[in-house]
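Beneath this line is the structure, given in structure tokens, with notes to follow.
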2 protein chains.
Amino acid sequence: MSPFTPTGETREKVYRFVRKRIVEDLPPTVREVQEAFRFKAVQTARQHLERLVADGRLVKARGQARGYRLPREPGTLFVPLLGRVQAGGLSEAIEECEGYIPVRSRGSAELFGLRVQGESMTGAGILPDDVVIVRQQAKADSGDIVVALVGDEATIKTLRLGRNRIELHPANPAFAPIIPRTGECAILGKVVEVRRYLA
Amino acid sequence: MSPFTPTGETREKVYRFVRKRIVEDLPPTVREVQEAFRFKAVQTARQHLERLVADGRLVKARGQARGYRLPREPGTLFVPLLGRVQAGGLSEAIEECEGYIPVRSRGSAELFGLRVQGESMTGAGILPDDVVIVRQQAKADSGDIVVALVGDEATIKTLRLGRNRIELHPANPAFAPIIPRTGECAILGKVVEVRRYLA
DNA sequence: TTGTATAGCAGACAAAAGTCTGTTATATCT
DNA sequence: AGATATAACAGACTTTTGTCTGCTATACAA
């Protein structure tokens with residue numbers, strides 16, 4: 001590389017290279033950046049990287065191998081994706097989750113993802129195989145869409161609070177409301193997001 | 001840790017730990033695994049990791065720092081969230097995006113998010129204010145839900161390919177299909193995911 | 001019993017990767 | 001011309017991290 005290249009041009013390419021590598025799940029080492037750009041000195045790569053950190057385009061963990069990363073959008077976290085929740089309860093299901101999915105979240109509430117089974121909520125635009133993001137909470141308001149444990153399986157329904165009882169309403173005329181006896185139903189959380197993967 | 005624990009139990013936990021770390025974009029070092037589980041020897045952590053590789057649950061780059069990864073699992077990337085797309089085109093809208101949202105993506109395709117306006121796709125479970133994740137592509141198959149630029153505004157419709165013409169069908173009987181003249185319509189991409197933020 | 005497999009430990013070594021000090025050259029502004 | 005900033009290089013040093021050899025203990029089956 002010549003002793004002079006236009007201002008910032010190389011650095012822009014370095015940024016793209018690093019970003020690509022991070023997205024591909026393995027942040028590069030300084031020397032890998034050096035080799036990718038045929039720099040003859042490690043320090044050249046390091047200078048570009050440190051500059052990108054100073055500009056706020058990257059963050060790094062000092063002294064750590066492959067420590068360069070993209071600055072996280074504030075409030076992005078990874079929540080466990082559950083296939084189903086059975087009587088055992090949430091913590092068990094979270095232990096055995098299918099994987100983790102990224103969620104944009106403001107608070108610090110406990111969230112989880114749950115794959116939808118059945119057609120009882122199609123009227124609310126929640127179809128089988130959709131993934132709902134659920135905020136864990138034991139109480140909810142009338143009208144909220146909640147995940148509730150009734151019998152030995154978790155279900156997704158609209159909550160209606162009546163006098164001294166709760167009702168779980170499907171959003172599909174082919175299904176009947178569930179009116180559990182006291183103590184027979186536990187609210188696991190409130191649905192805060194619905195995702196449908198089409199391709 | 002006692003000199004004996006049930007078969008595979010610790011390894012299962014090691015796997016979950018590593019997977020979580022990889023998903024969060026920084027694969028752990030062997031010693032980080034050691035510390036997380038309070039192993040007194042590096043080798044103990046290493047044995048579990050190597051076993052996970054042998055079982056095909058992890059892959060590794062030999063000799064590389066933080067070389068353990070998930071077998072061809074998706075990365076996470078941030079895609080621009082667009083409020084609306086007008087005649088100017090995509091690149092302009094991406095420049096002025098509302099923000100970035102996390103998406104789990106397999107390929108390296110160019111994606112963007114678009115906030116849904118109008119009720120023309122309610123029949124497909126796509127409601128106003130939903131966010132659709134769109135993969136940029138100029139062509140699509142009959143039946144795909146696409147984002148198309150017709151006139152001076154982008155719209156979301158189901159694509160139908162007829163002989164020598166294309167049709168854009170709403171999923172709501174209150175709206176009429178759009179049959180643009182040749183050259184009057186550009187497909188911007190295909191909807192690959194639908195998200196609804198409820199709270 | 002003997003052999004085999006798993007779980008775990010100890011300590012060292014070697015390679016990978018981050019960091020540092022100092023140098024040269026080109027452009028730009030005063 | 002002089003001062004300053006950027007881009008790049010050279011070579012060494014240090015820390016981090018992967019790897020290795022050898023050891024103990026428990027369970028289980030032939």
Side-chain angles (χ1 to χ4, degrees), chain A residues 1-22 24-71, chain B residues 1-22 24-71:
Chain A
M1 196 140 297
S2 88
F4 188 77
T5 45
T7 305
E9 194 181 279
T10 303
R11 181 149 48 248
E12 195 58 31
K13 286 180 190 160
V14 169
Y15 171 70
R16 283 190 224 288
F17 173 80
V18 174
R19 186 179 59 179
K20 185 156 182 288
R21 286 289 304 266
I22 293 175
E24 285 167 356
D25 272 347
L26 190 67
T29 65
V30 178
R31 277 173 181 80
E32 281 170 357
V33 174
Q34 178 198 347
E35 279 152 35
F37 289 88
R38 302 257 153 67
F39 292 137
K40 299 207 178 117
V42 210
Q43 185 62 1
T44 306
R46 222 174 96 82
Q47 269 170 184
H48 284 296
L49 290 166
E50 290 300 324
R51 178 63 180 274
L52 287 166
V53 171
D55 292 350
R57 306 184 69 188
L58 293 176
V59 294
K60 72 171 291 199
R62 193 187 149 94
Q64 266 189 350
R66 306 178 186 278
Y68 292 92
R69 282 182 275 175
L70 295 175
Chain B
M1 194 139 300
S2 89
F4 187 77
T5 46
T7 305
E9 194 180 279
T10 303
R11 183 151 47 249
E12 195 57 32
K13 287 180 188 160
V14 170
Y15 171 71
R16 286 191 217 289
F17 173 79
V18 174
R19 181 178 66 176
K20 186 155 189 289
R21 286 289 303 268
I22 293 174
E24 284 168 356
D25 272 348
L26 190 68
T29 64
V30 178
R31 277 173 182 79
E32 283 170 355
V33 174
Q34 178 198 345
E35 279 152 34
F37 289 88
R38 303 258 154 70
F39 291 137
K40 297 202 179 123
V42 210
Q43 186 62 2
T44 306
R46 222 175 95 83
Q47 269 170 185
H48 284 297
L49 290 166
E50 289 301 324
R51 178 63 181 274
L52 286 166
V53 171
D55 291 351
R57 306 184 67 187
L58 294 176
V59 294
K60 73 172 291 198
R62 193 187 149 94
Q64 264 190 351
R66 303 176 187 279
Y68 292 93
R69 282 185 274 176
L70 295 175

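Bear in mind that the values here come from a model prediction, so they are computed numbers and not experimental data. Proteins come first, then strands; the chains are lettered A, B, ... in the order of their sequence lines, and each starts at number 1.
What separates CZ of B/R69 from P of D/dG18 is a distance of 13 Å, to the nearest Å. Atom P of nucleotide D/dT6 and atom CG of A/L52 are separated by 13 Å, given to the nearest angstrom. Across the protein-nucleic acid pair, A/D55 atom CG and D/dT6 atom C1' stand 13 Å apart, rounded to whole Å. When the C1' atom of C/dG8 is taken as reference, atom CZ of B/R38 falls 17 Å away, rounded to whole Å. At whole-Å resolution of the value, CG in A/L58 and P in C/dG18 are 13 Å apart. Rounded to whole Å, atom C1' of D/dT16 lies 9 Å from atom CZ of B/R66. When the C1' atom of C/dA15 is taken as reference, atom CD of B/Q64 falls 12 Å away, rounded to whole Å.
Partners of A/R21 according to the salt bridge (charged side-chain N to carboxylate O under 4.0 Å, His left out) rule, which considers only residues two or more places apart in sequence or in another chain, are A/E32. In terms of the salt bridge (charged side-chain N to carboxylate O under 4.0 Å, His left out) criterion, A/R19 has no residue partners (sequence neighbours excluded). Taking B/K20 as the reference, A/Y100, B/E24 meet the side-chain contact (heavy atoms from CB on, under 4.5 Å) condition, with sequence neighbours excluded. Under the side-chain contact (heavy atoms from CB on, under 4.5 Å) criterion, B/A45 pairs with B/V30, B/V33, B/Q34, B/F39, not counting sequence neighbours. Taking the salt bridge (charged side-chain N to carboxylate O under 4.0 Å, His left out) definition, one finds that A/R31 meets it with nothing, sequence neighbours left out. Every residue meeting the side-chain contact (heavy atoms from CB on, under 4.5 Å) condition with A/R69, not counting sequence neighbours, appears here in chain and number order: A/V59, A/A61, B/L26. For A/E12, the salt bridge (charged side-chain N to carboxylate O under 4.0 Å, His left out) partners at least two apart in sequence or on another chain are A/R16, A/R57.
For A/K40, whose side chain is taken as the heavy atoms from C-beta onward, the closest listed nucleotide among D/dA7, D/dC9, C/dA10 is D/dC9.
In this model, the phosphate group of D/dT19 is approached by a side-chain N or O of B/K60 to a distance below 4.0 Å at OP1 or OP2. Contact between the side-chain N/O atoms of B/T10 and the OP1/OP2 oxygens of C/dA7 is not found at any separation under 4.0 Å. When the side-chain nitrogen and oxygen atoms of B/R51 are compared with OP1 and OP2 of C/dT6, one or more of them lie within a distance under 4.0 Å. Side-chain N/O atoms of B/R62 include one lying less than 4.0 angstrom from OP1 or OP2 on D/dC20.
Across all non-hydrogen atoms, the minimal contact from A/Y68 to A/E50 is OH-OE2, 2.7 Å. Contact record, A/A65 with B/A65: CB-CB, 3.5 Å, taken as the closest heavy-atom pair.
If you check residues 42-50 of chain A against DNA chain D, the residues with a heavy atom closer than 4.0 Å are A/Q43, A/T44, A/Q47, A/H48, listed by number. Sorted by residue number, the members of residues 26-36 of chain A with any non-hydrogen atom under 4.0 Å from DNA chain C read A/T29, A/V30, A/R31.
Ranked by how close their nearest DNA chain C nucleotide is to the 5' end, B/A41 and A/G67 are led by B/A41.
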